[in-house]
Amino acid sequence: GMLGEVSTLIGLNRSNILNIELLEKKDKILQFSFDLQINDLKNFTNLISQLKQKNLNFKIIRHKKKKMLSYKESLKILKASNALLEGQFILSSGLHSPKYVQCAQLLSKPFMADKICESLAEKIKSEFKQIDLILSPAMGGIIIGYEIARLLNIPNIFAERVNNKFVLRRDFQIKEDLKVLIIEDVITTGKSSLECSSLVTKANSKILGYACIIDRSQGKSNITDKIISQVEIDIPTYEKNKIPNDLAAIPAVKPGSRNL
């Protein structure tokens, strides 16, 4: 039908349809809306001309650029979503900390996480002009990897541990010569992200960089490339035999999912 013809025209003009919504269906009239991602102004002009030739009634609404959140705004959302915890926590790296950022709590509340994700996507888009694929480590990186990929309209896969080593399963693959961005929820030592990077190198593709919601590495992670984060949080960590007395008095818990 007409929607199919419109879709074909959009595809021929190198544009992508996002978020199609049927607004009304009456007699032979269909009223629908959709977001259109334009890659070239000339193609957009051609598309408008072709749509007019179809005698279609349409209206163009330009979306405003998504706002990047400030540090204060980001921290407020983390606290409100119960994603910032206090106590004594044993991190997946084995270090101990008086605070723990549990991004699963944030991402379990989409109505709160959306602003964080949109802001991070804008930062990533302004830093990298072309991204072919997003790769995330399971489990913590799966949701944020998918959400950033959805916002940027690019493919997304994840790696998972088998016998304590990250591998690609579920017919996921990294083709040669792709520009890959590695994303996870929190970066502390960078261990999970760097293990994923070896999969990219093995596939003869290029690692663009790394991104996360929270960078709590304080510049001390094993990642030497730039890290794009929504917020940097300075949270002290201690080796098991160097824990302060006041922290040692608090029962230790071990959140996280590195063994999955």
Side-chain angles (χ1 to χ4, degrees), residues 11 14-18 37-40 43 66 68 92-93 103-104 107 113 116-217 219-232 256-260:
R14 297 181 183 180
S15 302
N16 296 316
I17 296 179
L18 307 171
Q37 182 175 327
I38 302 297
N39 299 317
D40 186 276
N43 290 332
K66 297 284 193 308
M68 292 189 195
S92 55
S93 62
C103 281
L107 296 170
I116 293 277
C117 294
E118 288 171 359
S119 182
L120 178 57
E122 286 297 318
K123 286 187 176 183
I124 291 171
K125 188 163 60 174
S126 65
E127 183 71 24
F128 304 110
K129 301 306 176 186
Q130 180 187 341
I131 305 171
D132 298 317
L133 179 69
I134 284 177
L135 171 63
S136 299
M139 292 286 293
I142 293 179
I143 297 178
I144 186 60
Y146 165 80
E147 186 62 13
I148 297 299
R150 184 188 69 81
L151 290 167
L152 299 180
N153 195 36
I154 53 180
N156 163 63
I157 62 174
F158 60 85
E160 49 198 309
R161 288 186 183 277
V162 176
N163 297 324
N164 206 35
K165 183 179 179 180
F166 272 115
V167 297
L168 295 178
R169 301 179 62 202
R170 309 171 197 279
D171 293 327
F172 287 153
Q173 59 179 304
I174 303 172
K175 296 180 180 179
E176 288 189 11
D177 300 321
L178 295 183
K179 295 179 179 179
V180 182
L181 179 66
I182 297 175
I183 297 181
E184 60 175 317
D185 54 353
V186 182
I187 289 179
T188 303
T189 64
K191 178 177 171 63
S192 296
S193 287
L194 287 173
E195 287 186 45
C196 282
S197 71
S198 65
L199 299 174
V200 179
T201 304
K202 189 182 297 184
N204 294 318
S205 283
K206 179 182 179 182
I207 300 167
L208 283 178
Y210 303 83
C212 59
I213 299 174
I214 306 294
D215 177 6
R216 50 160 302 173
S217 67
K220 299 177 183 177
S221 77
N222 296 320
I223 296 174
T224 56
D225 296 311
K226 186 174 183 180
I227 299 173
I228 307 298
S229 66
Q230 178 54 37
V231 64
E232 296 180 20
S257 55
R258 176 167 289 179
N259 62 331
L260 296 181

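Scope of the values below: all heavy atoms of this structure, side chains included, with no hydrogens, waters or symmetry mates.
Taking 4.5 Å as the limit, some side-chain heavy atom of Ile124 sits within range of a side-chain heavy atom of Ile131. Between Ile214 and Asp185 the shortest side-chain heavy-atom distance does not fall below 4.5 Å. Between Ser193 and Ile187 the shortest side-chain heavy-atom distance falls below 4.5 Å. Under the 4.5 Å side-chain criterion, counting only non-hydrogen atoms from C-beta, Leu151 is in contact with Glu118. Side chains of Leu135 and Ile157 form a contact here, defined as non-hydrogen atoms less than 4.5 Å apart. Taking the side chain as every heavy atom from C-beta outward, Val180 and Cys196 never approach each other to under 4.5 Å.
Closest heavy-atom contact between Ala121 and Ile148: N-CD1, 3.9 Å. Contact record, Ile142 with Ala138: CD1-CB, 3.8 Å, taken as the closest heavy-atom pair. Taking all atoms of both residues into account, the shortest heavy-atom contact from Asn164 to Arg161 is O-NH1, 3.3 Å. A pairwise comparison of heavy atoms in Ile227 and Cys212 identifies CG2-SG, 3.9 Å as the closest pair.
Every residue meeting the side chain to side chain contact (heavy atoms under 4.5 Å, CB included) condition with Gln130, not counting sequence neighbours, appears here in chain and number order: Asp132, Lys179. The ring pair (Phe, Tyr, Trp, His ring centres under 6.0 Å) check on Tyr210 picks up nothing, with sequence neighbours excluded.
Judged by distance alone, with hydrogens and angles left aside, the side-chain atoms of Ser136 form a donor-acceptor pair with the main-chain N or O of Ile183 at under 3.5 Å. A donor-acceptor contact shorter than 3.5 Å is absent between the side chain of Ser229 and the backbone of Ile213. Put simply, the side chain of Ser119 never gets that close to the backbone of Ile116: no donor and acceptor are under 3.5 Å apart.
Few gaps surround CZ on Phe128; more than 12 heavy atoms of other groups in view lie less than 6.0 Å from it.
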